[in-house]
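In each ligand, atom 1 is the first atom listed, and ligand 1 is the first ligand listed.
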Amino acid sequence: MPVITLIRGDGIGPEVVDAAVLVLDALRAGLEWDVVPAGFSASAGELLPAAVRQSFERTGLCLKGPLATPIGTGHASLNVALRKHFELYANLRPISNLPGVESRFSGVDLIIVRENTEGLYSGIEHEIIPGVVESLKIATEKACTRIAEFAFRHAREQKRRQIASVHKANIMKLTDGLFLRCARAVAEKYPELDYREIIVDNACMQLVLNPAQFDVLLLENLYGDIVSDLCAGLVGGLGLVAGANLGETHALFEAVHGTAPDLAGKDQANPTAVLLAGEMLLRHIGQFAAADRLHAALLEVYREGKVLTRDAGGQSGTRAFAQAVLEKL
Ligand code: NAI
């Protein structure tokens with residue numbers, strides 16, 4: 001029986017995670033949950049709480065709700081700490097339309113592959129003299145090659161046609177230059193995949209004009225973070241997009257969204273993103289039939305369009321939506 005570390009998270013986290021667990025349990029896929037304390041506030045000030053670390057070390061699998069990180073002050077991000085500690089170097093975010101959800105585009109079918117361990121997320125910031133601060137962007141050949149290999153391997157497995165490296169190597173010639181050089185070297189081993197490069201600002205514009213021209217996007221950490229939310233917006237918003245954080249030995253699944261303080265405690269958040277994260281987890285552990293059933297039930301609820309949360313154009317709450325998916329199962 002696979003045991004999964006479960007972090008319910010902050011803000012809307014407990015609401016959407018509980019709704020998703022209700023549905024995942026109904027699939028009878030034999031998942032067993034090891035629930036560990038959520039958020040910084042619950043962890044007595046430890047950045048990576050011992051209970052979380054020990055559980056995830058043991059299980060190798062985690063489903064996680066969003067965790068709050070204070071802006072401009074306070075503690076560092078527990079999300080980043082988890083990704084670094086367990087070397088979850090690849091952040092994989094499939095983004096596609098759901099039937100019945102009105103959005104800017106139809107036919108969006110993108111995969112975002114984001115480097116998850118370095119770049120400006122290295123957290124190396126300091127004050128040189130009052131009024132002058134510095135943040136270091138780190139790029140290593142090892143991490144750039146590793147993420148490029150992941151992206152190309154995944155694209156081949158998923159029978160994709162194209163990979164675009166998104167960069168700003170015209171300005172950051174060394175760091176983003178290294179990222180591109182590593183991607184080009186890996187691209188040579190995959191002649192069947194069309195390889196292109198695009199500067200990040202142009203990539204953003206092209207994505208909002210014509211997302212269908214892209215297939216798999218390969219990005220360093222910060223661009224990957226920003227472009228993910230942009231792409232979520234193309235298909236109807238953050239309530240609908242999930243991601244996997246993958247390393248050699250450990251895998252963590254979560255929604256792309258954060259704690260949504262504006263919705264917390266109101267039974268309004270959309271649990272779809274966490275449900276899709278659960279689906280990715282099921283596929284990761286080889287439970288394909290359960291993943292397919294979950295996907296079909298979700299699509300049916302969207303196709304019917306009777307019980308949808310507000311972000312997806314409906315009037316229903318988190319719990320009612322989960323109940324509707326359960327009924328389809
Ligand atoms: P956010 O993703 O929490 O919210 C952005 C917008 O999307 C809000 O309008 C929100 O209502 C909406 N939204 C998000 N999830 C939704 C859902 N499930 N259903 C319907 N609408 C949804 O981003 P924000 O406000 O920038 O960040 C809030 C906090 O979350 C910060 O402390 C941030 O550090 C944290 N965060 C955590 C993440 C994680 O744990 N992986 C990822 C992103 C942010």
Side-chain angles (χ1 to χ4, degrees), residues 5-20 23 36 38-43 47-49 52 56 62-84 86 88 91-93 95 98 101-103 112 114 116 121 123 221-222 224-246 251-278 280 298 302 307-322 325:
T5 300
L6 185 70
I7 301 174
R8 294 169 73 237
D10 301 317
I12 58 168
E15 296 166 65
V16 286
V17 168
D18 290 355
V23 175
V36 290
F40 190 74
S41 50
S43 66
L47 185 55
L48 186 52
V52 175
F56 191 22
C62 180
L63 183 65
K64 188 182 87 53
L67 294 166
T69 311
I71 293 173
T73 175
H75 66 83
S77 162
L78 173 54
N79 295 310
V80 174
L82 272 165
R83 291 167 188 166
K84 277 198 192 154
F86 289 99
L88 306 172
N91 195 331
L92 180 64
R93 295 170 161 182
I95 297 182
L98 281 166
V101 180
E102 221 173 277
S103 59
I112 290 188
R114 164 185 172 191
N116 228 4
Y121 280 66
N221 211 338
L222 179 64
D225 191 13
I226 296 169
V227 172
S228 295
D229 278 29
L230 184 153
C231 290
L234 299 176
V235 297
L238 282 167
L240 306 170
V241 179
N245 298 270
L246 305 169
L252 180 150
F253 301 83
E254 63 182 341
V256 168
H257 65 71
T259 57
D262 52 328
L263 301 181
K266 295 185 180 162
D267 189 42
Q268 285 181 3
N270 190 342
T272 300
V274 183
L275 278 166
L276 290 171
M280 290 179 91
L298 255 177
Y302 275 103
V307 185
L308 299 179
T309 48
R310 285 159 199 251
D311 59 310
Q315 289 296 324
S316 303
T318 312
R319 285 193 294 265
F321 180 86
V325 180

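Side-chain N or O atoms of Ser316 include none that pairs as donor or acceptor with a backbone N or O of Phe321 at under 3.5 Å. No side-chain donor-acceptor contact under 3.5 Å links Asp10 to the backbone of Leu67. Within the 3.5 Å criterion, the main-chain N or O of Asn221 finds a donor-acceptor partner in the side chain of Arg114. In this structure, the side chain of Glu254 does not engage the main chain of Gly243 through any donor-acceptor pair within 3.5 Å.
Shortest non-hydrogen contact noted between Ala251 and Leu88 is N-CD2, 4.2 Å.
Near ligand 1, residues Ile12, Lys64, Pro66, Leu67, Ala68, Thr69, Asn79, Leu238, Gly239, Glu254, Val256, His257, Gly258, Thr259, Ala260, Pro261, Asp262, Leu263, Ala269, Asn270, Asp311 each place a heavy atom inside the 4.0 Å sphere around the ligand atoms.
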*Start with the C-alpha gap between Leu78 and Thr69, add the side-chain angles, then the distance that decides, and say whether side-chain contact (heavy atoms from CB on, under 4.5 Å) holds.*
CA-CA 8 Å; Leu78 173 54; Thr69 311; over 6 Å; no
